[in-house]
Amino acid sequence: MILGIETSCDDTCAAVVGPDGRVRSSVVASQGLLHERYGGVVPEIASRRHLEVAGPVIQDALERAGAALDEVETVAVTQGPGLIGALLIGLSTAKAIAAARRLPLVPVDHLHAHVVASTLGDAPIEPPFLCLVASGGHTFLARVDDPASHLTLGRTLDDSAGEAFDKGARMLGLPYPGGPQIDRLAREGDAQAFGFPRSRPGGGLDFSFSGVKTALLYVTRDLGEVEATSRRADLAASYQRAIVEALLARAREALEGSGLRRLALGGGVAANSELRRRAGELCEELECDLWAPEAALCTDNAAMIAGAARFLEPLEYPRYLDLDAFARAA
Ligand code: KG4
Ligand code: ZN
């Protein structure tokens, strides 16, 4: 059994995953409310909170899995990228638990974990596949031929899709994190009411979301506060559609260009209902299979960390004791 720990941003996560990829438990202690009044994550507050709740969250994950700490065979932990202070709390905790029991430890790349999250559960995806990861920190397309690694085919040149959702929501006067709020509000709106740009920079498979964000800023400014508020649902629906179509235009190109027949979604934005629906339509059209894991596996969680660790080489005690966290993508 693998105990996974994830503290790269503002959620304190622990999970227990079996060697077969069955998720025995996955606990997420969200810090959302702590950061909400600042309109975004405050790194120092996140670190302190991780320190307070890491122990109880791990305890809870073990209890829910019906497992004792002695039954854990491997400890897996997010090494990066993320907030350096937040990562260090998780990494130190994982080292302490593993070292005390002389267990092996697996350092996991947070992005790789998002990419292979669909290999968990009852109907796991099998390589080769294409994965579209869209989260608050990252947006990229990756090719997976072997679940131990992935090849990045394209990435955002500026904002992530999640940032575009969060910043757009803020312009519309919606609380943080804005993705789920826009998703909800968009259901009541007309997605064709406003025309927002679908940027496809360069000749490759990169993304750009700064243009759509600026376009929303200008539209809301031109409408004025009263009108922008009364048309909020239309704005949300049109804005969401532009982001979703920009994401799926690249997924289509990557599927057609690579000949891959399986598409997986990952990252918090993969919880978006329109993205899931439209990705389903795209795959039907291209005769591909879609893996859109349940929202709990898309947003940050430790099950994907433990899951990714199954494919990686563990470090034996004491080789992992001087391991460091990294803030930026390797
Ligand atoms: O993967 P994640 O939990 O954390 C990071 O690694 O960044 O992603 C969080 C992002 C936030 O930007 C949030 O607004 C977005 O995922 N998100 C959504 C939805 N649920 C979460 N965006 C659009 N629609 C949703 N339903
Ligand atoms: Zn993430």
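Order of listing sets the numbers, starting from 1, for every ligand and every atom in it. Numbering starts at 1 and runs along the sequence shown.
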Note the single closest protein heavy atom to [atom], along with its residue, its atom name and the distance in Å.
atom	value
atom 14 (O) of ligand 1	Asp166 OD1, 2.6 Å
atom 24 (N) of ligand 1	Asn272 ND2, 3.0 Å
atom 10 (C) of ligand 1	Gly136 N, 3.4 Å
atom 26 (N) of ligand 1	Asp183 OD2, 2.9 Å
atom 4 (O) of ligand 1	Asp300 OD2, 3.1 Å
atom 22 (N) of ligand 1	Gly179 CA, 3.3 Å

Note: His110, heavy atoms under 4.0 Å from ligand 1, region reported as side chain
- Answer side chain, backbone, both or neither: which part of His138 comes under 4.0 Å from ligand 1, heavy atoms only.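 No part of His138 comes within reach of ligand 1.
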Please report, to 0.1 Å, the donor-acceptor pairs under 3.5 Å made by any side chain of residues 148-155, with sequence neighbours excluded.
from: His150; atom 1: ND1; to: His112; atom 2: ND1; distance (Å): 2.9

Run the numbers for me: atoms of ligand 1, each under 4.0 Å from some heavy atom of [X], listed by number.
X	answer
Gly162	12 (O)
Ala271	20 (N), 26 (N)
His114	1 (O), 6 (O)
Gly137	7 (O)
Ser135	1 (O), 5 (C), 6 (O), 7 (O), 8 (O)

Only residue of Asp158, Thr139, Thr156 satisfying side-chain hydrogen bond (donor to acceptor under 3.5 Å, both in side chains) with Ser208 is Asp158
Hey, does the side chain of [X] reach the backbone of [Y] with a donor-acceptor pair shorter than 3.5 angstrom?
X	Y	value
His35	Val42	yes
Arg250	Leu141	no
Tyr239	Ala164	yes
Ser26	Ala15	no
Glu227	Thr229	no
Trp291	Ala123	yes

Ignoring waters, protein N/O/S atoms under 2.8 Å from the Zn ion (ligand 2) are His110 NE2, His114 NE2, Asp300 OD1
Could you pull out every donor-acceptor pair under 3.5 Å between side chains of residues 307-314 and any protein atom, sequence neighbours left out?
from: Arg310; atom 1: NE; to: Gly307; atom 2: O; distance (Å): 3.0
from: Arg310; atom 1: NH2; to: Thr119; atom 2: O; distance (Å): 3.4
from: Arg310; atom 1: NH2; to: Thr119; atom 2: OG1; distance (Å): 3.1

- Message: Quick check: closest heavy atoms across Ser118 and Ala264, and the distance to 0.1 Å?
- Response: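 Looking at all heavy atoms of both residues, the closest pair is OG-CB, 3.6 Å.
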Closest to atom 19 (C) of ligand 1 (heavy atoms only, candidates Ser160, Gly268, Ala295) is Gly268
dist Arg231:CZ -> Phe194:CZ (nearest 0.5 Å) comes out at 3.5 Å
Residues at least two apart in sequence or cross-chain that pass side chain to side chain contact (heavy atoms under 4.5 Å, CB included) with Ala94, listed by chain then number, are Ile5, Val75, Val77, Leu105
| said: Could you tell me if Ser210 and Asp159 have a donor-acceptor pair between their side chains, going purely by distance under 3.5 Å? | reply: no
